[in-house]
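Accompanying notes for the structure given below.
The first residue in the sequence is number 1, and the count goes up from there. Remember, it's 1-based here, ligands and their atoms both numbered in the order they're listed. Computed from a predicted structure; not experimentally measured.
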Amino acid sequence: MRVFKFGGASVKDAAGVKNLASIVGKAEGRLVVVVSAMGKITNALEELIRLYVNKDDKKWEQLTAIKNYHTQIMEDLFDSSDPVFSEIDSMFFRIEDRLHRLPSLNFNFEYDQFIGYGELLSTKIVSAYLIKSGIKNKWIDIRFSLKTDDKWREANVDEELSAKLISQEFSFADEKIYLTQGFIGATNSDLTTSLGREGSDYTAAILGSILKAEKVEIWKDVPGILNADPQYFKNPVKIDEMSYREAVELTFFGAKVIHPKTIKPLYNNKIPLHVRSFIEPEVEGTIIGPEQDKEYSNPIPVFVMKSRQVLITLSQPDFSFMDEDSLAWSFEIFHELGMKINLIQLSALNLSISIDVPEHGIMELIEKLSDQFEVKYNDGLSLITIRHYTAEAIKNEIGHRNVYVEQRTRRIARFLVKNDHK
Ligand code: ASP
Ligand code: MG
């Protein structure tokens with residue numbers, strides 16, 4: 001069997017759903033199809049949640065906009081008598097019902113109770129359209145078999161229990177195609193959880209590894225994995241094959257092409273991952289797999305941009321050295337505040353650390369660190385990683401930029417630079 005994953009961009013309108021149906025209709029053999037929320041609906045739901053938690057009555061307008069968007073797509077796909085309309089209505093009724101209640105003080109919990117509706121709505125609509133097109137499939141509510149802890153918005157999958165339940169649910173006894181949601185799961189007491197933004201790739205990888213898929217295929221609006229994000233770099237080219245390790249390095253340093261957690265379950269089970277285009281389904285995309293897991297003789301440079309960085313520089317007020325005690329003490333603070341560290345540079349007197357700008361700003365961090373250190377910071381920075389760098393690659397991409405920190409190993413060069421993009 002194979003797992004197909006379709007992201008939001010692939011089902012952003014009726015034409016997208018039809019295109020998905022044509023791809024699935026042509027696929028042979030057993031399939032699990034994972035579908036994200038339509039278009040930018042997850043963002044729209046995030047806005048709805050914010051309004052709800054702030055007790056802002058604009059939440060009703062926001063709900064109407066989300067409803068109209070789905071209704072438009074359904075009207076383009078179905079006759080008005082299709083049962084899908086009442087199914088979708090009843091989902092909206094449940095959202096409305098929740099919106100009438102008073103929000104609890106736990107924002108992340110409230111978030112998870114709403115955010116999954118994007119995927120529940122989209123998968124219902126897509127499943128119904130496949131059926132209408134003669135493609136038999138079974139819609140599965142993944143929350144009954146993908147079990148997690150209650151770390152809201154970033155839930156950890158209970159692998160053992162999920163493996164058992166998923167193997168039972170996706171048995172292929174009477175079905176050839178299952179259709180289900182990415183990104184969400186549920187606790188043992190059936191409260192909805194989510195796995196982190198863009199988490200559907202990860203769901204596809206989990207399903208693939210539990211069900212021992214031959215392959216996981218991620219259908220995107222790009223022809224495969226490019227060596228650079230066209231938003232930031234000139235002349236990107238497609239990479240035909242890539243090792244698992246390379247893919248992890250890329251996504252970890254900020255390449256948005258697949259969710260960073262996707263590779264591990266696939267690597268452990270030696271399942272190839274194919275990233276390919278739903279716009280040009282006949283074009284070979286990028287293959288990441290066991291065959292590709294060898295050293296490259298002649299790799300091309302790969303550029304990754306991680307924006308929204310802030311560089312924090314610590315020094316001892318009395319000119320003493322940055323010793324292990326000071327390092328341990330400061331890392332503990334970063335850890336305690338859940339900061340994501342991306343680059344570390346140490347000198348005799350300074351420790352410089354680049355982190356993602358946290359949602360709530362850095363003031364709390366600065367205050368805590370100031371207990372022991374003199375603290376300086378620079379924001380408005382981006383971290384550029386060049387894997388398999390060449391002198392030319394560095395000249396072209398870094399030459400004109402203002403570099404704050406630079407680090408090189410044999411294969412990787414990293415530059416913390418002042419933003420020059422909008
Ligand atoms: N719909 C969710 C998001 O946009 C999950 C996903 O698309 O992977 O983050
Ligand atoms: Mg999405």
Under the side-chain hydrogen bond (donor to acceptor under 3.5 Å, both in side chains) rule, what do S354 and N342 come out as? Steps first, then yes or no, please.
CA-CA 6 Å; S354 176; N342 296 307; 5.1 Å; no
Distance-only check: which donor-acceptor pairs under 3.5 Å involve side-chain atoms of residues 159-171, not counting sequence neighbours?
from: S162; atom 1: OG; to: K147; atom 2: N; distance (Å): 3.0
from: S162; atom 1: OG; to: K147; atom 2: O; distance (Å): 3.2
from: S162; atom 1: OG; to: D158; atom 2: O; distance (Å): 2.7
from: S167; atom 1: OG; to: A163; atom 2: O; distance (Å): 2.6
from: S171; atom 1: OG; to: A173; atom 2: N; distance (Å): 3.2

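- Contact annotation: for S200 versus ligand 1, heavy atoms closer than 4.0 Å belong to both the backbone and the side chain.
- Atom numbering of ligand 1 starts at 1 in the shown order; those under 4.0 Å from a heavy atom of E119 are 1 (N), 2 (C), 5 (C).
- At distances below 3.5 Å, not a single donor-acceptor pair connects side-chain atoms of R414 with backbone N or O atoms of V405.
- The atoms of ligand 1 that sit less than 4.0 Å from any heavy atom of R197 are 3 (C), 4 (O), 9 (O).
- Inclusion of E198 in the set of residues having an N or O under 3.5 Å from an N or O of ligand 1 is warranted.
- Using a non-hydrogen distance threshold of 4.0 Å, G7 does not register as a contact of ligand 1.
- When non-hydrogen atoms are compared, ligand 1 lies under 4.0 Å from neither the backbone nor the side chain of H259.
- Less than 4.0 angstrom separates some heavy atom of F183 from each of these atoms of ligand 1: 2 (C), 5 (C).
- The closest heavy-atom contact to atom 7 (O) of ligand 1, among the options A204, G118, S36, comes from S36.
- Checked by atom type, the side-chain pair Q181/T123 shows a donor-acceptor distance below 3.5 Å.
- Among pairs with a residue in residues 74-90, those fulfilling salt bridge (Lys or Arg N to Asp or Glu O under 4.0 Å) read E87-K124, at least two apart in sequence or across chains.
- Under the 6.0 Å distance and 45° angle rule, K270 counts as a cation-pi partner of Y267.
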